[in-house]
Every structure is written in structure tokens, then in C-alpha cells.
Amino acid sequence: TVEGVTPGPDWPRELKNELITNAMNGRVGQDLISETDDVRVWRIAIAPGERVGFHRHVLNYFWVAINPGKSRSHYSTGETTETDYEAGTTRHFEFAQGDFMLHDLENIGDTELIFTTVEFKNSPNAPLSI
């Protein structure tokens, strides 16, 4: 068990195990396309039916959806959500010291999901190793 991590009671065993195994995974995207002293820029491209495994956000960040689509995410709180995106949908997140968000991302739509994510390394939490 990992502190602050509670898999959903109805999740398949494989999903629960992956949540625990990846509890400190700092790779918040598939491809790190740029990194400076101040930011990390990631690209995510998920085909319909594919998913990106669990990863932990600790840095303030934002993402932009490049095209429309639909996703499902499982969170370390046990919650599962579904989200619809339009091209240009943008969301910003901020984390206080010690706070985090741990989740996966599955494409449940019929179009490729493409995101650009930008993390700010001067956040209250130190960057995780990638």
C-alpha cells in the first residue's frame, strides 16, 4: 500500500497493481519534447482503445487538447471520470507542497487523443525523476 493511494473497489486487479507500482512515476506524458531549467513540455498521443498508465503530477502544469475526443481516467482517490474534449480545450492545475494527482488516461473515443502538457519546475514541489 502507498500513502494517499486508494484504488477503486471494483477496479480489476491489474489496474490496482499498476496504480501501486507506478505511484511515483513522474513521466506525465509519452514523449518529453523539451526541457529547460523552468519547464518540461510533453506530448501525448493515444489511439482509440489505448491508454497511458498511471503517473503522478506534483508540478503546477497545464494541458491543451489538440483535437476532439473522449477519455476515461482512474484516480488514486478511487474515483473514475470520463471527459469530452474539443480542440483547444485547456486545463490548468496547481499543487500545494506535498499535494499530487495520480491517474491514468484511456482513449474511449473514436479519434486519436493528442495533448501538449507543460509542467512548471519552479512549483512548490520538486520535480520527480523521469
Side-chain angles (χ1 to χ4, degrees):
T1 183
V2 176
E3 185 176 340
V5 175
T6 309
D10 298 330
W11 292 5
R13 178 180 305 277
E14 304 82 41
L15 205 58
K16 292 177 181 181
N17 290 342
E18 182 189 322
L19 174 67
I20 301 303
T21 300
N22 288 347
M24 296 305 291
N25 177 14
R27 293 191 61 83
V28 303
Q30 293 166 310
D31 300 308
L32 180 61
I33 58 176
S34 180
E35 183 170 13
T36 69
D37 290 342
D38 299 317
V39 298
R40 288 178 178 161
V41 181
W42 298 89
R43 181 176 187 275
I44 299 172
I46 312 169
E50 291 185 347
R51 65 184 279 275
V52 171
F54 285 99
H55 53 277
R56 180 183 288 248
H57 294 273
V58 298
L59 300 176
N60 296 340
Y61 77 101
F62 71 90
W63 56 254
V64 177
I66 305 304
N67 59 343
K70 184 170 184 154
S71 74
R72 177 181 298 126
S73 284
H74 302 88
Y75 293 85
S76 62
T77 59
E79 180 182 13
T80 300
T81 63
E82 293 185 0
T83 304
D84 291 300
Y85 308 93
E86 298 298 326
T89 300
T90 304
R91 297 232 173 91
H92 294 258
F93 297 84
E94 292 187 1
F95 299 96
Q97 187 170 16
D99 287 348
F100 67 92
M101 178 175 60
L102 176 59
H103 73 112
D104 69 348
L105 184 65
E106 178 183 4
N107 184 345
I108 60 170
D110 55 8
T111 60
E112 186 176 32
L113 280 177
I114 303 172
F115 298 93
T116 299
T117 300
V118 178
E119 295 182 291
F120 298 98
K121 293 166 77 174
N122 61 348
S123 298
N125 297 301
L128 295 174
S129 297
I130 54 172

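What you are looking at is a predicted structure, and each value in this text was computed from that prediction instead of being measured.
Under the 3.5 Å distance criterion, the side-chain polar atoms of N107 are left unmatched by any main-chain donor or acceptor of R51. Between the H55 side chain and the G53 main chain, a donor and an acceptor come within less than 3.5 Å of each other. At least one donor-acceptor pair under 3.5 Å links the side chain of Q30 to the backbone N or O of A45. Side chain of D38 to main chain of N122: no donor-acceptor pair is present (N/O by atom type, distance under 3.5 Å, no hydrogens or angles). Under the 3.5 Å distance criterion, the side-chain polar atoms of T117 are left unmatched by any main-chain donor or acceptor of W42. At distances below 3.5 Å, not a single donor-acceptor pair connects side-chain atoms of K121 with backbone N or O atoms of L59.
Here CG of D10 is found 9.0 Å from OG1 of T80. Values are rounded to the nearest 0.5 Å. Distance check: R43 CZ to L32 CG gives 13.0 Å after rounding to the nearest 0.5 Å. Atoms OG1 and CG, from T83 and L105 in turn, are 8.5 Å apart once rounded to the nearest 0.5 Å.
Between A65 and Y85 the shortest heavy-atom distance is CB-CB, 4.0 Å. Residues K16 and P7 come closest through the heavy atom pair CG-CB, 3.6 Å. For the pair T81 and Y75, the tightest heavy-atom approach, listed with the atom from each and the gap, is OG1-CE1, 3.4 Å. Between S76 and F100, the shortest heavy-atom contact is OG-CE1, 3.8 Å. The shortest heavy-atom contact between R56 and V5 is NH2-CG2, 4.4 Å. When all heavy atoms of L19 and T6 are compared, the pair lying nearest together is CD2-C, 4.4 Å.
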Discussion item. For a side chain to side chain contact (heavy atoms under 4.5 Å, CB included) check, start with the C-alpha distance between S123 and V58, then their side-chain angles and the critical distance, and finish with the verdict.
Written reply: CA-CA 8 Å; S123 298; V58 298; over 6 Å; no

Discussion item. Assess the residue pair V39 and E119 against the criterion (side chain to side chain contact (heavy atoms under 4.5 Å, CB included)); give the C-alpha distance rounded to whole Å, side-chain angles, the decisive distance to 0.1 Å, and a yes or no.
Written reply: CA-CA 5 Å; V39 298; E119 295 182 291; over 6 Å; no

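Counting heavy atoms from C-beta outward, E112 and I46 have side chains that stay 4.5 Å or more apart. Residues N60 and P124 are in side-chain contact: their nearest non-hydrogen atoms beyond the backbone lie under 4.5 Å apart. Side-chain contact between F95 and Y61 is present, with heavy atoms from C-beta onward closer than 4.5 Å. In this structure, the side chains of F115 and V64 stay at 4.5 Å or more apart for every pair of heavy atoms. Counting heavy atoms from C-beta on, the side chains of L102 and F54 come closer than 4.5 Å. Side-chain contact between R40 and P127 is present, with at least one heavy-atom pair separated by less than 4.5 Å. Within the 4.5 Å cutoff, the side chain of D104 has heavy atoms near those of the S73 side chain. In this structure, L113 and I44 have side chains that are not in contact, with every pair of non-hydrogen atoms separated by 4.5 Å or more.
The neighbour count for E94 CD, taken as heavy atoms of other residues, nucleotides or ligands under 6.0 Å away, does not exceed 12. A 6.0 Å sphere centred on CG of D110 holds no more than 12 heavy atoms belonging to other residues, nucleotides or ligands.
Using cut-offs of 30° and 60° on the angle between ring planes, the pair H103 and H57 is parallel. Taking the six-membered ring where the residue is Trp, H74 and W11 present perpendicular rings, their angle passing 60° and hence far from 30°.
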